[in-house]
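Fair warning: this is a prediction, and the values are worked out from it, not measured in the lab.
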Amino acid sequence: MMYLLPGSKLALQVREKEQIPLSLSTHLMPGFEPCFMEGKGYVHLCQHYEHDEVDIYYYTVQTATAAVLFTEAPTKKWVLSYVKAGDVCFHYYDGTPIALSKYGVIFFPTQQGFQVQVALASGSHELICCSFTSLFSAYLFRLYPLLISSERGYPIVIPFIDHAFQQEWQRLLPLEIDVDLYPAFVAAQIRLLLGQCTQTYRRRLVKDVLMTRHPGIDSSVIEKAYRVRDIIHAHPDRVLSLSYLCRMTTWNLQGLKSGFTRVFGVSPHQYIIRFRMKLAVELLEGRPDLSIQAIALSCGYKRPHHFIEQFKIVYGKTPGTFRRDQLK
């Protein structure tokens, strides 16, 4: 569980309430046990689901000032956590601060008698934490050896995950799943998330492979270019300015343009368009329930007609025609 840090000013102000306020009641999920706390300038809703293989915690935190939480386990467990919204800073057992923003993932073992602190800036935050039971430990060691190693330092941090990975995390919250079917779904979905985490982490480890793939390019340039790519994949629905990408990678504007183009063969702007058009095709084919306007917004286009024009330039037909052709 995650609590307010004892002794903090906020901890003295917080009181636990039995009654969930109406404004948060719409966020309650079937099959989850809710725990609500609030104080002056602070609201904390934790929803907990117990499963044979994993305990799932979904935290919704709103605070007017900076706050500190901690998580503590009575036994050693493995924790996989996803930042759904907001910015957090984990302080691991040795005190090392690890900043994670929206769409970041962290994987680490807990240790009996130790705490992991989580610092939150003011604003709204959402975290999904999966705490694996001892029953699942054998599966972790056998099926996901890349994540489990006595020689590796923890935590494993993935600053940004792509859009498809984000959608799988979202599906873990059972807002549209029958309560009776959810336990079986959890087991399958947890394995999928761990598999995605393993694949994503593996890609972060292949510096030597990247050097071979991009001969003659400095490793720092390759690393920054792939970080820009990760940001593009993580935020398909956002307007990503070059100045924002520069801030996130400590690259200057000219370095960003030339470095990214050397690594990927196209400019950042061209790469964004190609990626978002590919995502649009996936949504048009796989999500018949989404309107063209909803797909446009998911792909970063605030005005649907701009999306339709761009799609027609790339694929030679409008999104509506493309979808109809797929259904024939």
For this session: Identify whether Y315 and L290 are in the same connected component of the hydrophobic contact network (ILVMFWY, side-chain heavy atoms under 4.5 Å).
Result: yes
Exercise. Linking I/L/V/M/F/W/Y whenever their side-chain heavy atoms sit closer than 4.5 Å, directly or via other members, would V314 and I292 fall into one cluster?
Worked result: yes
Exercise. Would you call D87 and K102 a salt bridge, taking side-chain N to carboxylate O under 4.0 Å as the test?
Worked result: no
Exercise. Can you list the steps and then say if V221 with V263 is a side chain to side chain contact (heavy atoms under 4.5 Å, CB included)?
Worked result: CA-CA 8 Å; V221 172; V263 172; 4.3 Å; yes
For this session: Measure the spacing between OG1 of T200 and CD1 of I156 and express it to the nearest 0.5 Å.
Result: 11.5 Å
Exercise. Is H51 reaching over with its side chain to a backbone N or O of E53, donor-acceptor style, under 3.5 angstrom?
Worked result: yes
For this session: Indicate whether the side chain of E168 and that of Q189 have a donor and an acceptor atom separated by less than 3.5 Å.
Result: yes
Exercise. Are the side chain of Y182 and the backbone N or O of L172 linked by a donor-acceptor pair below 3.5 Å?
Worked result: yes
For this session: Indicate the atoms forming the closest heavy-atom contact of P155 with F108, along with that distance.
Result: CB-CB, 3.6 Å
Problem set entry | Atom pair CD1/SG of I56 and C129 - distance to nearest 0.5 Å | 11.0 Å
Exercise. Is the charged tip of R274 near the ring of F264: under 6.0 Å from the six-membered ring centre and within 45° of its axis?
Worked result: no
Exercise. Under 3.5 Å, side chain of Q166 to main-chain N/O of I161, donor-acceptor pair present?
Worked result: yes
Problem set entry | Heavy-atom side-chain contact between L28 and F32 under 4.5 Å | no
Exercise. In terms of hydrophobic clusters joined by side-chain contacts under 4.5 Å, are L192 and V105 together?
Worked result: no
Exercise. What is the ring orientation for W78 with Y154, classed by angle as parallel under 30°, tilted 30 to 60°, or perpendicular over 60°?
Worked result: perpendicular
Problem set entry | Non-neighbouring partners of K257 that pass side chain to side chain contact (heavy atoms under 4.5 Å, CB included), sequence neighbours left out | L242, L253
Exercise. For P236, does its backbone N or O pair with a side-chain atom of R276 as donor and acceptor, under 3.5 Å?
Worked result: yes
Problem set entry | Intermediate values then yes/no, side chain to side chain contact (heavy atoms under 4.5 Å, CB included), V61 and S124 | CA-CA 6 Å; V61 185; S124 299; over 6 Å; no
Problem set entry | Polar side-chain atom of Q117 near backbone of F90 as donor-acceptor pair, under 3.5 Å | no
For this session: Would you please test H44 and F36 for ring pair (Phe, Tyr, Trp, His ring centres under 6.0 Å) and show each step?
Result: CA-CA 6 Å; H44 174 206; F36 174 68; 8.7 Å; no
Exercise. Between T321 (side chain) and K317 (backbone), is there a donor-acceptor pair under 3.5 Å?
Worked result: no
For this session: Decide side chain to side chain donor-acceptor pair (under 3.5 Å) for H214 and Y226; before the verdict, give the C-alpha distance in whole Å, the side-chain angles of both, and the deciding distance to 0.1 Å.
Result: CA-CA 12 Å; H214 307 286; Y226 273 84; 2.9 Å; yes
Problem set entry | Steps toward side chain to side chain contact (heavy atoms under 4.5 Å, CB included) verdict (F132, V79) | CA-CA 6 Å; F132 298 98; V79 176; over 6 Å; no
For this session: Check step by step if side chain to side chain donor-acceptor pair (under 3.5 Å) holds for H235 and Y244.
Result: CA-CA 12 Å; H235 301 281; Y244 172 78; 4.6 Å; no
Exercise. Side chain to side chain contact (heavy atoms under 4.5 Å, CB included) between S101 and F160: does it pass, once the steps are laid out?
Worked result: CA-CA 8 Å; S101 57; F160 299 100; 4.0 Å; yes
Problem set entry | Any side-chain heavy-atom pair of F311 and M277 under 4.5 Å | yes
Exercise. Quick one: do E309 and K312 make a salt bridge, cutoff under 4.0 Å?
Worked result: no
Problem set entry | Validation row: T250, K224 side chains within 4.5 angstrom (heavy atoms) | yes
Exercise. Counting only N and O atoms by type, is there a donor-acceptor contact under 3.5 Å from the side chain of E285 to the main-chain atoms of Q326?
Worked result: no
Exercise. Any side-chain donor-acceptor pair under 3.5 Å between H48 and Y59?
Worked result: no
Exercise. Are E126 and Y58 close enough that a side-chain donor and a side-chain acceptor fall under 3.5 Å?
Worked result: yes
Problem set entry | H233 vs F275 side-chain heavy atoms within contact, under 4.5 Å | yes
Exercise. Does a side-chain heavy-atom distance below 4.5 Å link I273 with Q310?
Worked result: yes
For this session: Taking the side chain as every heavy atom from C-beta outward, state whether W169 and Q196 have any atom pair closer than 4.5 Å.
Result: no
Exercise. Are any of the side-chain heavy atoms of P174 and F185 separated by less than 4.5 Å?
Worked result: no
Exercise. Passes side chain to side chain donor-acceptor pair (under 3.5 Å), S220 versus E223? Steps please.
Worked result: CA-CA 5 Å; S220 64; E223 185 176 347; over 6 Å; no
Problem set entry | Donor-acceptor under 3.5 Å (R191 side chain, A187 main chain) | yes
Exercise. Okay, side chain of Q167, backbone of A164: is any donor-acceptor separation there less than 3.5 Å?
Worked result: no
For this session: Could you check Y301 against H306 for ring pair (Phe, Tyr, Trp, His ring centres under 6.0 Å), going step by step and ending with a plain yes or no?
Result: CA-CA 7 Å; Y301 291 87; H306 287 166; 7.8 Å; no
Problem set entry | Co-membership, hydrophobic cluster, residues L127 and F165, 4.5 Å side-chain | yes
Exercise. Taking T133 for the side chain and D52 for the main chain, is one N or O donor matched with an acceptor at less than 3.5 Å?
Worked result: yes
For this session: Answer yes or no: is there a side-chain heavy-atom contact under 4.5 Å between F260 and L245?
Result: no
Problem set entry | Same apolar cluster (I L V M F W Y, side chains within < 4.5 Å links), F307/Y271 | no
